[in-house]
Amino acid sequence: LKSDQPNPELLPVKEDDLSIDFGNHRKQQDMEEIAQKLLWQQSLEAIKANKVTPVALGEVERRAAQDDPTAVEVYAYMYAKGIGVKADLIKAFGLYQRADKLGVKNALQNAAQVYKAMNFDQRAALSPFAEQSED
């Protein structure tokens with residue numbers, strides 16, 4: 001290979017290609033942030049209207065997995081009411097307890113309301129002595 005012959009696999013680099021447009025990058029970040037806020041707002045509206053889409057459910061799940069206190073509380077509400085998911089008072093109870101640990105006001109009161117709505121078997125499943133089931 002001779003060094004004086006150009007490599008046909010390499011594209012020429014222009015000076016403009018080496019410059020970084022930080023203003024444009026910031027605009028893109030801002031637009032992504034706005035899009036995320038809009039998606040969250042649309043997800044909450046869908047839940048309120050009991051018209052949960054897979055996208056809305058995914059957004060709640062994603063945010064709850066990141067310990068977003070509001071998302072954990074909303075997810076608990078969804079399980080308590082059976083909105084967008086199959087009603088599951090045991091999951092709702094656990095999520096409300098988690099929301100309380102994340103500082104959500106009234107989460108313990110909501111957990112207590114869910115507990116009151118549980119039947120004997122559901123309450124027994126919460127016992128630390130109950131057999132743990134595989135999810």
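Values below: every heavy atom of this structure, side chains too, minus hydrogens, waters and symmetry copies.
Listed by chain and residue number, nothing satisfies the side chain to side chain donor-acceptor pair (under 3.5 Å) test with Asp121 (two or more places apart in sequence, or in another chain). Among residues two or more places apart in sequence or in another chain, the side chain to side chain donor-acceptor pair (under 3.5 Å) test is passed with Gln97 by none. In this view, Glu33 and Lys37 satisfy the salt bridge (Lys or Arg N to Asp or Glu O under 4.0 Å) rule, not counting sequence neighbours. Evaluation of the side chain to side chain donor-acceptor pair (under 3.5 Å) rule for Asp67 yields Arg98 as partners, not counting sequence neighbours. In this view, Tyr75 and Tyr79 satisfy the ring-ring contact (aromatic ring centres under 6.0 Å, His included) rule, not counting sequence neighbours. Arg62 is linked by a salt bridge (Lys or Arg N to Asp or Glu O under 4.0 Å) to Glu59, counting only residues two or more places apart in sequence or in another chain. Residues passing the side chain to side chain donor-acceptor pair (under 3.5 Å) test with Glu45, sequence neighbours excluded: Gln41.
Across all their heavy atoms, Ile90 and Ala125 have their closest contact at CD1-CB, 3.7 Å. Nearest heavy atoms, Ala56 versus Ala46: CB-CB, 4.4 Å.
Of the N and O atoms on the side chains of Glu32 and Gln36, not one donor lies less than 3.5 Å from an acceptor on the other residue.
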Distance-only check: which donor-acceptor pairs under 3.5 Å involve side-chain atoms of residues 105-118, not counting sequence neighbours?
unit_1	atom_1	unit_2	atom_2	d
Asn110	ND2	Asn106	O	3.3

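No continuous path of ILVMFWY side-chain contacts below 4.5 Å connects Val104 to Val74, so the two sit in separate hydrophobic clusters. Tracing side-chain contacts under 4.5 Å through hydrophobic residues (I, L, V, M, F, W, Y), one reaches Leu95 starting from Val52; they form part of the same cluster. Cluster membership for Trp40 and Leu102, using ILVMFWY side-chain heavy atoms within less than 4.5 angstrom, is shared.
For the pair Val72/Asp68, no side-chain contact is recorded, criterion being any heavy-atom separation below 4.5 Å from C-beta on.
Val55 belongs to a hydrophobic cluster whose other members, connected by ILVMFWY side-chain contacts under 4.5 Å either directly or through intermediates, are Leu39.
Within the model, atoms NZ of Lys91 and OH of Tyr96 stand 15.5 Å from one another, a figure rounded to the nearest 0.5 Å.
For residues 73-90, the set of pairs meeting the salt bridge (charged side-chain N to carboxylate O under 4.0 Å, His left out) definition, not counting sequence neighbours, is empty.
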